Number of protein chains: 2
Amino acid sequence: MTKKPTKAATRSAASAKGNVPVTSEEAAAPASSRAARAAERRAAIVEAALEEFIARGFAATRLDDIAKRAGVAKGTIYLHFKDKESMFEELVRIVIVPVVERLTTLPPPTGSVRDLVEAFATNFLKEVANTRRGDLVRLIVAEGPRFPAVADFYYREVVSRGIAGMRALIELGIARGEIREKNLARFPQILVAPAMIAVIWQSLFARHAPLDAQEMLRVHLDLIFGERRTT
Amino acid sequence: MTKKPTKAATRSAASAKGNVPVTSEEAAAPASSRAARAAERRAAIVEAALEEFIARGFAATRLDDIAKRAGVAKGTIYLHFKDKESMFEELVRIVIVPVVERLTTLPPPTGSVRDLVEAFATNFLKEVANTRRGDLVRLIVAEGPRFPAVADFYYREVVSRGIAGMRALIELGIARGEIREKNLARFPQILVAPAMIAVIWQSLFARHAPLDAQEMLRVHLDLIFGERRTT
DNA sequence: GAATTATGACTGACTAGTCAGTCATTGTCA
DNA sequence: TGACAATGACTGACTAGTCAGTCATAATTC
């Protein structure tokens with residue numbers, strides 16, 4: 001079979017029209033242009049949908065707008081997603097899964113518990129609070145009650161894991177004498193609360209009163225672990 | 001025409017059906033039944049709208065549903081509110097203003113700062129967290145970005161006041177030596193964060209993992225003021 | 001019975017989802 | 001290798017339905 005020629009042609013055609021700003025160093029990838037373009041389009045749709053849903057909420061988002069933003073016809077969306085609702089649900093999964101993976105893989109077994117938590121916090125700020133991801137959290141809070149599937153998923157994949165992880169850290173901190181308040185292990189939510197508040201604050205009140213999240217989290221850790229810096 | 005009976009009928013019908021739990025000591029008011037009924041209807045509409053908006057969000061809420069729930073024709077809504085959007089905005093004001101008034105009037109100049117804060121927290125749980133009001137907070141978080149007017153109002157009337165009040169309490173606590181962490185005054189958000197988290201948790205994850213908010217807040221206060229109870 | 005208030009049928013704008021048709025890509029065959 | 005056929009990704013006009021807002025009519029009040 002002669003497969004080479006087609007490939008070359010495909011290639012140039014794709015790159016000529018495709019100012020698709022998504023990923024892509026598929027330079028090495030031998031991806032057949034057909035499949036590659038499909039993947040690109042899907043990615044563009046996901047990106048556009050995320051943007052629109054965050055900006056307008058589920059109900060007020062028009063699929064026409066998503067299509068336009070993605071540079072795709074409306075029908076194309078339905079080649080990738082069953083309907084608006086399941087698109088939203090898949091979207092949340094698609095965006096969250098990699099973040100969870102990255103955050104759970106991180107823990108470098110360094111020194112004190114405080115350092116661990118602080119590193120985690122810094123990372124959280126960089127990866128979530130100051131990103132589109134932060135708005136996604138707000139979106140989940142907003143739409144959760146109307147999308148039990150989303151709320152469930154988020155609880156299972158993010159919240160319960162996060163709480164469990166934090167609890168483990170707290171217990172370690174207590175065991176090592178870094179944390180005085182024993183009851184904290186019963187409510188790891190307390191450890192995370194200011195971070196969540198920071199996320200919400202940024203998207204609602206930042207323009208009224210900017211919040212130095214990094215510094216706030218540090219103060220909060222001082223509260224839990226006792227002072228430390230020269231401050 | 002026989003008008004008396006109608007009136008009586010109307011009256012009783014209204015009170016029979018109308019378990020409108022809102023205001024109303026119009027007992028003393030010489031309010032012509034005309035004005036009184038109008039007020040009742042308005043209250044019913046507000047109540048119904050609140051319920052629907054909380055359950056479905058702004059965009060997905062139908063005025064027909066609000067009307068039906070309020071026991072009113074759709075046209076009647078337009079006798080009280082300009083349109084859906086301004087109804088939503090007014091709604092937030094109508095519900096929030098009395099709460100703010102009640103909470104700001106409270107401070108009984110009792111003993112320790114910790115007692116003050118704890119009383120406030122308990123009150124907050126009773127008045128907000130376990131009420132429709134709590135869901136309203138979530139609704140504001142959800143719709144805030146699309147309703148700058150609402151976000152502004154909420155910031156001005158609730159957040160900035162709350163932050164200021166908390167800061168005053170914290171400074172008092174520091175002055176009296178009850179609070180060790182001086183930097184806390186720079187981020188009163190930390191003091192409030194768990195309470196907000198509790199509100200959000202209740203409406204999103206309560207069914208996955210119930211949260212004893214009261215107890216969580218107490219632990220948080222222990223963290224700030226130092227242990228206390230026999231626990 | 002005039003004035004005020006309430007009603008709900010109606011309208012028009014808008015949108016989720018569909019589907020017949022197009023055409024670039026891929027596979028096949030000489 | 002070049003021509004032809006098959007494929008299926010993609011399109012966008014279209015349908016069916018929804019819903020905010022209106023207004024002629026009806027009910028109520030004074």
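A note on names: the letters A, B, ... follow the listed sequences, proteins ahead of strands, and every chain is numbered from 1. Just so it is clear, the model here is predicted, and its values are computed rather than measured.
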**Prompt:** How long is the gap from OH on Y155(A) to CD1 on I163(A), to the nearest 0.5 Å?
**Reply:**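 So the gap between those two atoms works out to 7.5 Å.
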**Item:** Spacing of E51(B) atom CD and R69(B) atom CZ [to the nearest 0.5 Å]
**Value:**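 The CD atom of E51(B) sits 4.5 Å away from the CZ atom of R69(B).
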Can you tell me how far [atom2] of [N] sits from [atom1] of [X], to the nearest Å?
{"X": "E52(B)", "N": "dC19(D)", "atom1": "CD", "atom2": "P", "value": "12 Å"}
{"X": "K82(A)", "N": "dA16(C)", "atom1": "NZ", "atom2": "C1'", "value": "12 Å"}
{"X": "R56(A)", "N": "dA16(C)", "atom1": "CZ", "atom2": "P", "value": "12 Å"}
{"X": "I77(A)", "N": "dG17(C)", "atom1": "CD1", "atom2": "P", "value": "10 Å"}
{"X": "K74(B)", "N": "dT22(D)", "atom1": "NZ", "atom2": "P", "value": "10 Å"}
{"X": "Y78(B)", "N": "dC23(D)", "atom1": "OH", "atom2": "P", "value": "13 Å"}
{"X": "E40(B)", "N": "dT5(C)", "atom1": "CD", "atom2": "C1'", "value": "15 Å"}
{"X": "F81(B)", "N": "dG21(D)", "atom1": "CZ", "atom2": "P", "value": "13 Å"}

**Asked** Base, sugar-phosphate, or nothing for K84(A), non-hydrogen atoms under 4.0 angstrom?
**Response**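 Answer is sugar-phosphate: K84(A) comes under 4.0 Å of backbone atoms only.
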**Asked** Between R93(A) and E157(A), does at least one N-O distance fall below 4.0 Å, as a salt bridge requires?
**Response**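 Looking at E157(A) together with R93(A), the answer is no, because their closest N to O distance does not fall below 4.0 Å.
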**Message:** If the threshold is 4.0 Å, N to carboxylate O, is there a salt bridge linking R186(B) and E215(A)?
**Reply:**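 Salt bridge: yes.
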**Message:** Would you say R41(A) places a side-chain N or O within less than 4.0 Å of OP1 or OP2 belonging to dT11(D)?
**Reply:**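 Checking R41(A) against dT11(D): at least one side-chain N or O falls below 4.0 Å of OP1 or OP2.
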**Message:** OP1 or OP2 of dG17(D) versus the side-chain N and O atoms of R62(B): is any pair under 4.0 Å?
**Reply:**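 Looking at the OP1 and OP2 atoms of dG17(D), neither is under 4.0 Å from any side-chain N or O of R62(B).
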**Message:** Using heavy-atom distances to pick each residue's nearest nucleotide on DNA chain C, tell me which of D83(A) and T76(B) is more 5'.
**Reply:**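 Of the two residues, T76(B) wins.
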**Request:** Could you check L79(B) against G75(A) and say which one's nearest nucleotide on DNA chain C is further toward the 5' end?
**Result:**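 Its nucleotide being nearer the 5' end, the pick is L79(B).
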**Prompt:** Taking the side chain of A73(A) as heavy atoms from C-beta outward, which of dG17(C), dG21(D), dG12(D) is closest to it?
**Reply:**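 Side chain of A73(A) sits closest to dG12(D).
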**Request:** Name the orientation class of the two ring planes belonging to H220(A) and H220(B) (parallel below 30°, tilted from 30 to 60°, perpendicular beyond 60°).
**Result:**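 Tilted: the ring planes of H220(A) and H220(B) meet at 30° to 60°.
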